[in-house]
> 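My questions all concern the structure below.
Since we're looking at a predicted model, the values are computed, not measured.
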Amino acid sequence: MKNKKITRKITQGMYILTTTDGGCVVDAVSQISAGDNPLIAVSVMKQNYTNSLMKKSEKFALSILKKETDGSIIKTFGLQSMKDIDKFKDVETIEIEDIKVISDSLGYMICEIIDTIDNDTHTLFIGRLTEADVFAEEEAMSYEYYQQHKEELLKVTTEQGKSAWICSVCGYVYYGKKLPDDFKCPKCGVSRELFKKVKK
């Protein structure tokens, strides 16, 4: 039996990845070298709009989320697309090296992209750390904590009186009494089995 929940035990945090004109929530971030300018790797889903922005950019920023991060920040950057809304409109940011970073975070890293590696579902972007700072000395939000509190952090308000289904992976909301048999989430690509009906 393959129980993929064990991957949640891999020690990793939660971050807001930003680049020119966009950003998203990521969890797969690693330091892969040492020295004064270490290499930082971040994995971004190919279906994510931010992936295409990263491929046109020379650098990116990672804002490290604290354990008590406001869930609205995660919903804004995790459940919506920059194609549809301006994610930065209602989130306080500061600009470092022409890239916005999240003010309500533990700090940030700015990286210059030096390599990319594609696999079947994600692109691994490797960047050289060029600038960084610490805003606060608090506990970081772990991926495991996020998974344990995801329903609370990503609580979605649906339109009153309408039948709705929510993707348990990314939070996308589908309206309709029934999900089509061949339905796949247009945001993250998972099948209908991973959708939960919202109780009215």
> Kindly check if the number of other-residue, nucleotide or ligand heavy atoms within 6.0 Å of NZ (Lys46) is above 12?
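For Lys46, atom NZ is crowded (more than 12 foreign heavy atoms under 6.0 Å).
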
> To check you understand the geometry: which heavy-atom pair defines the closest contact between Thr130 and Glu112, and what is its length?
CG2-CB, 4.1 Å

> Identify whether Leu129 and Val44 are in the same connected component of the hydrophobic contact network (ILVMFWY, side-chain heavy atoms under 4.5 Å).
yes

> Do Trp165 side-chain atoms and Gly176 backbone N/O form a donor-acceptor pair below 3.5 Å?
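Looks like yes, one N/O pair under 3.5 Å.
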
> Say whether, by atom type as modelled, one donor and one acceptor occur between the side chain of Ser33 and the main chain of Leu39 under 3.5 angstrom.
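Judged by distance alone, yes, a pair lies under 3.5 Å.
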
> Kindly compute the distance separating OG (Ser30) from CD1 (Ile40), expressed to the nearest 0.5 Å.
8.5 Å

> If you measure from OG1 on Thr93 to CG on Asp104, what distance do you get to the nearest 0.5 Å?
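With rounding to 0.5 Å, OG1 (Thr93) is 12.0 Å from CG (Asp104).
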
> Counting C-beta onward and ignoring hydrogens, is there a side-chain heavy-atom pair between Val101 and Ile110 closer than 4.5 Å?
yes

> Rounded to the nearest 0.5 Å, how far does CD1 of Ile74 lie from NZ of Lys150?
11.0 Å

> Where do Asp181 and Lys178 come nearest, in terms of heavy atoms and distance?
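Distance-wise, the nearest heavy atoms are OD1-CE, 4.5 Å.
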
> Write down the atom of Thr19, the atom of Ser57, and the distance for their closest heavy-atom approach.
OG1-OG, 2.9 Å

> Are Asp182 and Arg192 ion-paired here, with the side-chain N under 4.0 Å from a carboxylate O?
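No.
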
> Any side-chain heavy-atom pair from Lys59 and Ile99 closer than 4.5 angstrom?
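They are in contact (side-chain heavy atoms under 4.5 Å apart), so the answer is yes.
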
> Roughly how far, to the nearest 0.5 Å, is OG1 of Thr18 from CG of Leu62?
7.5 Å

> Please indicate whether Glu97 has more than 12 foreign heavy atoms, meaning atoms of other residues, nucleotides or ligands, lying under 6.0 Å from its CD.
yes

> Which of parallel (below 30°), tilted (30 to 60°) and perpendicular (above 60°) describes Phe77 and Phe88?
perpendicular

> In Å, rounded to the nearest 0.5 Å, how long is the span from NZ of Lys75 to NZ of Lys87?
14.5 Å

> Less than 4.0 angstrom from a charged side-chain N to a carboxylate O is my criterion; do Lys55 and Asp118 meet it?
yes

> After noting the C-alpha distance and the side-chain angles of Tyr174 and Phe195, does the key distance pass the ring-ring contact (aromatic ring centres under 6.0 Å, His included) rule?
CA-CA 9 Å; Tyr174 173 86; Phe195 275 72; 7.3 Å; no

> Which atoms form the tightest heavy-atom contact between Met54 and Ile113, and what is the distance?
O-CD1, 3.7 Å

> Same cluster or not: are Ile102 and Leu53 linked, directly or through other Ile, Leu, Val, Met, Phe, Trp or Tyr residues, by side-chain heavy atoms under 4.5 angstrom apart?
yes

> If you group Ile, Leu, Val, Met, Phe, Trp and Tyr by side-chain heavy-atom gaps below 4.5 Å, do Leu65 and Leu106 land in one group?
no

> Flag yes if Ile96 and Phe135 sit in one hydrophobic cluster, no otherwise; membership is Ile, Leu, Val, Met, Phe, Trp, Tyr, and two members link when side-chain heavy atoms are under 4.5 Å apart.
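Per the 4.5 Å side-chain linkage, Ile96 and Phe135 are co-clustered.
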
> Checking side-chain hydrogen bond (donor to acceptor under 3.5 Å, both in side chains) for the pair Glu144/Ser142: CA distance, chi angles, key distance, verdict?
CA-CA 5 Å; Glu144 183 177 21; Ser142 69; 5.2 Å; no

> Using side-chain contact (heavy atoms from CB on, under 4.5 Å), reason through Val42 and Phe60 one step at a time and then give a plain yes or no.
CA-CA 10 Å; Val42 56; Phe60 62 85; 3.9 Å; yes

> Determine, stepwise, if the pair Ile126 / Ile117 fulfils side-chain contact (heavy atoms from CB on, under 4.5 Å).
CA-CA 8 Å; Ile126 300 172; Ile117 302 170; 4.2 Å; yes

> Which atom names give the shortest non-hydrogen contact between Thr121 and Asn119, and what distance separates them?
N-OD1, 2.9 Å

> Starting from Met82, can I reach Phe125 by hopping between I/L/V/M/F/W/Y residues whose side chains sit under 4.5 Å apart?
no

> Does Asp133 form a side-chain contact (heavy atoms from CB on, under 4.5 Å) with Tyr108? I'd like the steps, not just the answer.
CA-CA 6 Å; Asp133 200 3; Tyr108 67 87; 3.5 Å; yes

> Apply side-chain contact (heavy atoms from CB on, under 4.5 Å) to Thr50 and Leu17, showing your working.
CA-CA 9 Å; Thr50 303; Leu17 166 70; 4.1 Å; yes

> What's the shortest heavy-atom distance between Gln12 and Ala28, and which atoms?
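So the minimum-distance heavy-atom pair works out to NE2-N, 4.5 Å.
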
> Should we say atom CD of Glu137 is surrounded by more than 12 heavy atoms from elsewhere, each under 6.0 Å from it?
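Incorrect, the count does not exceed 12.
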
> Atom CD1 in Ile73, atom CE in Met14: separation rounded to 0.5 Å?
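The CD1 atom of Ile73 sits 12.0 Å away from the CE atom of Met14.
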
